There are 2 protein chains.
Amino acid sequence: MKLKRSHQLIIDNVSRFIDLTELEKRKYISLLTEVRVKKKEFLMQAGEIAKYEYFITEGCLKVYTLDEDGAPHISMFAVEDYWTGDMASFMRKEPSHYFIKATEDSELLGISRANYNLLFQEIPKFERFYRILYQKSLISYIRRSNHGISLTAEERYIEFKRKYPNIVNRITQKDLAAYIGITPEFMSKIISKVNRM
Amino acid sequence: MKLKRSHQLIIDNVSRFIDLTELEKRKYISLLTEVRVKKKEFLMQAGEIAKYEYFITEGCLKVYTLDEDGAPHISMFAVEDYWTGDMASFMRKEPSHYFIKATEDSELLGISRANYNLLFQEIPKFERFYRILYQKSLISYIRRSNHGISLTAEERYIEFKRKYPNIVNRITQKDLAAYIGITPEFMSKIISKVNRM
DNA sequence: TAAAAGTCTTAAACTACTTCATTTTTTTTC
DNA sequence: GAAAAAAAATGAAGTAGTTTAAGACTTTTA
């Protein structure tokens, strides 16, 4: 059976770690909800309890917190084929500290808490899928935060550009600064310096 | 059946997330290897491929990398009831970038790669255990790295002391500096300032 | 398509933290 | 329990990144 593009994308993603029968695929898809957000709209805001975990099928979103001074700190840019959400809030039913805002018109597939739990009962293989997904996320998270340490902002910028050439052109310099962890002014200086080199 | 202290500890830890029968407990324990390291000895060194993932039953260890300048960056202090190792190296069979060194005489239980994989075949419930363990690690990892951002070194020190009062007294100021991400000299200044307040 | 709003650039003054060098104190070792 | 080694304290000079402010450029909106 031919699936629509977004469903095919998520099935391909899941199939990297576990094999699903046609029946299981259909069952899984039935547990998902389609969500669309326009550029500048919020998928989620701080204070809310996360109702869904998301898989992005199209577009780009930024995940960020505001510190005590109201300055944004972007923890990730999520594009097609990425998973996103606030797992802490989703799991513990606590108010989130995060905002997730679309930087482009975006399409996502969400799974609700009820369906997430149901999923493990109905298709226990998904314990394995998520075990591996979380393990890989943990590995890259640890690597990233350990790699970033002891690099200057300029080095972190060069590294980001090298690693995510497709993302760097889709976001503003200001958002990149909030991700790298510096002020937009200093980001501007770095970019003009690096381009001069 | 009465278990020895270290085995009881790891069973209690696992039992927080999944229920095991007596048979499964014995099976699980049979897959573990006891390891002892004396203070200042290495559990693991950069360049090696991680053969085990560990659970600590006694003592304290520091997990760290060396940057290009040879300066250490400590990513965690692991004490009793913590899990440690280098998951990236363990999973991908790649040479590790980490050193794990005992800061006190320590006792651990290790699981080899072969037994780790066997575990999922023999007791599939462990997919669930590790799914939840990794999910929780990811949550606290994300929280930590997001919380640290935008705090000064002094604030991070106060936070560490509040959060890990039991660890702060077991480690040197120098190691704490390597964890907080500053020089030992600046750490010294911060501590004398905070104590004066 | 004009006005408004947001983003980017540049520059000068400032701060958190580093580096280097020296002395004192604590811990380890035989 | 003395000698050696490591850790901690202190101070002066230097640097990566911040803050503030103002003007130029670009995008959004009506």
Side-chain angles (χ1 to χ4, degrees), chain A residues 37-42 60 62 64 66-74 77 99 101-105 148-161 167-197, chain B residues 37-42 60 62 64 66-74 77 99 101-105 148-161 167-197:
Chain A
V37 268
K38 291 217 163 278
K39 185 169 178 174
K40 291 194 181 177
E41 279 178 4
F42 288 100
C60 181
K62 56 183 174 185
Y64 64 97
L66 298 179
D67 65 22
E68 310 81 51
D69 307 330
H73 294 272
I74 295 179
F77 296 104
F99 297 84
K101 194 177 195 175
T103 64
E104 297 173 1
D105 293 355
I149 219 155
S150 94
L151 294 186
T152 63
E154 183 176 325
E155 291 165 324
R156 274 176 278 147
Y157 165 64
I158 291 170
E159 183 66 11
F160 182 85
K161 226 172 125 181
I167 295 184
V168 88
N169 301 313
R170 288 167 79 172
I171 58 177
T172 63
Q173 226 166 277
K174 201 183 169 193
D175 280 346
L176 185 51
Y179 176 88
I180 299 269
I182 56 174
T183 57
E185 292 86 347
F186 195 53
M187 185 82 256
S188 172
K189 274 179 207 167
I190 286 174
I191 289 176
S192 79
K193 183 182 166 203
V194 170
N195 289 343
R196 258 183 285 114
M197 298 202 303
Chain B
V37 268
K38 291 217 163 277
K39 186 169 178 172
K40 291 193 181 179
E41 278 177 5
F42 288 101
C60 181
K62 56 183 175 186
Y64 64 98
L66 297 179
D67 65 22
E68 311 79 52
D69 307 329
H73 294 272
I74 295 179
F77 296 104
F99 296 85
K101 193 177 195 176
T103 64
E104 298 173 1
D105 293 355
I149 220 153
S150 93
L151 294 185
T152 62
E154 183 176 323
E155 291 166 324
R156 274 175 279 147
Y157 164 64
I158 292 169
E159 184 65 13
F160 183 86
K161 225 172 126 179
I167 295 185
V168 88
N169 300 314
R170 288 167 80 171
I171 58 179
T172 63
Q173 226 166 278
K174 201 184 170 194
D175 279 347
L176 185 51
Y179 176 87
I180 299 268
I182 55 174
T183 57
E185 292 88 342
F186 196 52
M187 185 83 256
S188 171
K189 277 171 205 171
I190 286 173
I191 289 175
S192 79
K193 182 182 167 205
V194 170
N195 288 344
R196 258 184 285 113
M197 297 202 302

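These numbers were taken from a predicted model, which means no experiment stands behind them. These values consider heavy atoms only, across backbone and side chains, with no hydrogens, waters or symmetry-generated copies.
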**Message:** Strictly under 4.0 angstrom, non-hydrogen atoms only: write out the protein contact profile of nucleotides 6-24 of chain C, one letter per nucleotide from the 5' end, B, S or -.
**Reply:** -SSBB-B----BBBB----

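For Asp67(A) (side chain) and Asp69(A) (main-chain N/O), a donor-acceptor pair under 3.5 Å exists by modelled atom type.
Expressed to the nearest 0.5 Å, how far CD1 of Ile180(A) lies from CD of Glu159(A) amounts to 9.5 Å. Distance CD1/Ile182(B) to OG/Ser188(B): 9.5 Å, rounded to 0.5 Å.
Residue Tyr179(A) is tested with Phe160(A), Tyr64(A), Tyr157(A) for a ring pair (Phe, Tyr, Trp, His ring centres under 6.0 Å); the sole match is Phe160(A).
Between Lys101(A) and Glu41(A), none of the side-chain N atoms (NZ, or NE/NH1/NH2) sits under 4.0 Å from a carboxylate O, so this pair counts as no salt bridge. Looking at Asp175(A) and Lys62(A), a side-chain N of the basic residue comes within less than 4.0 Å of a carboxylate O on the acidic one, giving a salt bridge.
Between the axis at the start and the axis at the end of the helix from dT1(C)-dA30(D) to dC30(C)-dG1(D) there is an angle of 70°, using five pairs per end and rounding to 10 degrees.
Residues meeting the side-chain contact (heavy atoms from CB on, under 4.5 Å) test with Glu185(A), sequence neighbours left out: Thr183(A).
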